[in-house]
Amino acid sequence: MGVKITELVSATRRTPSIMDLANKRLAIDAFNWLYSFLAPIRLTDGSMLQDDQGLATSHLSGFFFRNIYLLENRIKPVYVFDGKPSELKRETVAKRAEARQEANKRAEEAKEEGAVEEARKYSEAGAHIEKHMIPECKRLFELMGIPYVEAPSEGEAQAAHLVNKNDVYTAVSQDYDCFLFGARSLLRNLTQQKVRRIQGKEYRIEMESYDLQGVLKHLGISHAQLVDLGILIGTDFNPGIKGVGQKTALRYVKEYGSIENVIDKKPDLAQHLPMDLVDRVRKVFLEPDVTDDYEMVERPFDPEGLVEFLCKEKSFSEERVNKRIATLQRELKKASQQSLDSFLSS
DNA sequence: GTTGGTAG
DNA sequence: CTACCAACG
């Protein structure tokens, strides 16, 4: 879910075009995107797409088509996988697992009653990563020539580390947690940009880019204070204080400077926020568990291997897969010809 | 989420 | 060419 600071950062939002990302390397939070595929990529009744052995394939569909789109635009993705979750996250993880199980139970009931829309709604809420999906995603990335990095712990922390080392141009995730981990820049909504018109007005889900310096300047606080603000609202590592949202948290942090001072002035908050927990969560964000032990190996794009994997093993339509690979290769050829032309004429 | 066919 | 919608595995 991530820390809820949408309202606080919205004023600093920029909306780049996909062309701005050409030839840029991007660190993508793999689990974040994986979840984002599992809810919507389903049949009408809410069941997942699956191979002939009954294993879900929605993750492969999502990543395959999304990656083709990125490569077509000459974007260089690097996926970052989560490692071992922090001990502090255990409660959050357990709570979410429970909510998903509950949703899946309701989905089953709805399916039995023939309530298709209900079934779909609850199935989406019950979406969860299955064990087999992660090695399958990695295999897909290898076949598409896309490197990936294993984070020691949080993927977002490692992605932030890659940006701050200038190994990538930006971190990509729907969550703002990257900022708590100190990422210089964050990109959201990296999907195909489609316009829809309602009563003559154009609406689209635009890409959003933010930079940490801009956010901090706008809010008038430091990075450490942003972390405290997050802790007051609640993060994946602590529940936050009931009744304290983004506006209030910002006011507290600006007025009192730190959580210690907030608690000093409002002692009744202390029971919701023990200082030993605060210090542990601060450490998660300010001294993140990251590694320099990675390499971003770019392999060749392997069309035959992709067809073998997706179509032969995972029941994808050969026509659809081949078609998309063909248009990608056509686009890349066109792009390289254009850059050669402009080189020769300059 | 993305594709691709169909209707306007 | 756009809008809409079923299908995708």
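Here is how names work: the chains are called A, B, and so on, in the same order as the sequence lines, proteins then strands, and each is numbered from 1. Values reported hereafter were calculated over all heavy atoms of this structure, with side chains retained and with hydrogens, waters and symmetry mates removed.
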(request) State whether A/K138 and A/E142 are salt-bridged, where the test is any N-O pair (Lys NZ or Arg NE/NH1/NH2 against Asp/Glu carboxylate O) under 4.0 Å. (result) no
(message) Just to be sure I understand the rule, does A/L60 reach a base, reach only the sugar-phosphate, or reach nothing, if contact means heavy atoms closer than 4.0 Å?
(response) nothing
(request) Would you kindly check if the NZ (Lys) or CZ (Arg) of A/R188 is within the cone defined by 45 degrees around the ring axis of A/Y210 and under 6.0 Å from the six-membered ring centre? (result) no
(message) Under 4.0 Å, heavy atoms only, any strand: does A/S317 hit a base, just the sugar-phosphate, or nothing?
(response) sugar-phosphate
(request) Ignoring backbone atoms, test whether A/R324 places a side-chain nitrogen or oxygen under 4.0 Å from the OP1 or OP2 oxygen of B/dT3. (result) yes
(request) Calculate the interatomic distance between A/R120 atom CZ and C/dA7 atom P; express it in whole Å. (result) 12 Å
(request) Please check if the distance between the ring centroids of A/F63 and A/F141 is under 6.0 Å. (result) yes
(request) Using a cut-off of strictly less than 4.0 Å, decide whether A/Q192 has a side-chain nitrogen or oxygen near OP1 or OP2 of B/dT3. (result) yes
(request) Verify the cluster assignment for A/F285 and A/L229: are they in a single hydrophobic cluster under the rule of side-chain heavy atoms below 4.5 Å apart? (result) yes
(request) With the side chain counted from C-beta on, respond yes when A/W33 and A/L190 share a heavy-atom pair under 4.5 Å apart, and no when they do not. (result) yes
(message) Without decimals, in angstroms, what is the distance between A/N189 CG and B/dG1 P?
(response) 9 Å
(message) Quick check on B/dT2: is either OP1 or OP2 less than 4.0 Å from any side-chain nitrogen or oxygen of A/R66?
(response) yes
(request) From the options B/dT3, B/dG1, B/dG4, select the nucleotide whose nearest atom is closest to the side chain of A/T191. (result) B/dG1
(request) Look at the side chain of A/F65 and decide which nucleotide, out of C/dG9, B/dG1, B/dT2, has an atom nearest to it. (result) B/dT2
(request) Mind calculating the distance between CD (A/E136) and C1' (C/dG9) to the nearest angstrom? (result) 12 Å
(message) Tell me the interatomic distance from A/K194, atom NZ, to B/dG4, atom P, rounded to whole angstroms.
(response) 14 Å
(message) Can you measure A/E318 atom CD to B/dT3 atom C1' for me and round it to whole angstrom units?
(response) 17 Å
(request) Could you tell me the separation between the CD1 atom of A/I41 and the C1' atom of C/dG9, rounded to a whole number of Å? (result) 11 Å
(message) How many whole angstroms separate atom CZ of A/F64 from atom P of B/dT3?
(response) 9 Å
(request) Return the value, rounded to whole Å, for the distance between atom CD1 of A/I68 and atom P of B/dG1. (result) 18 Å
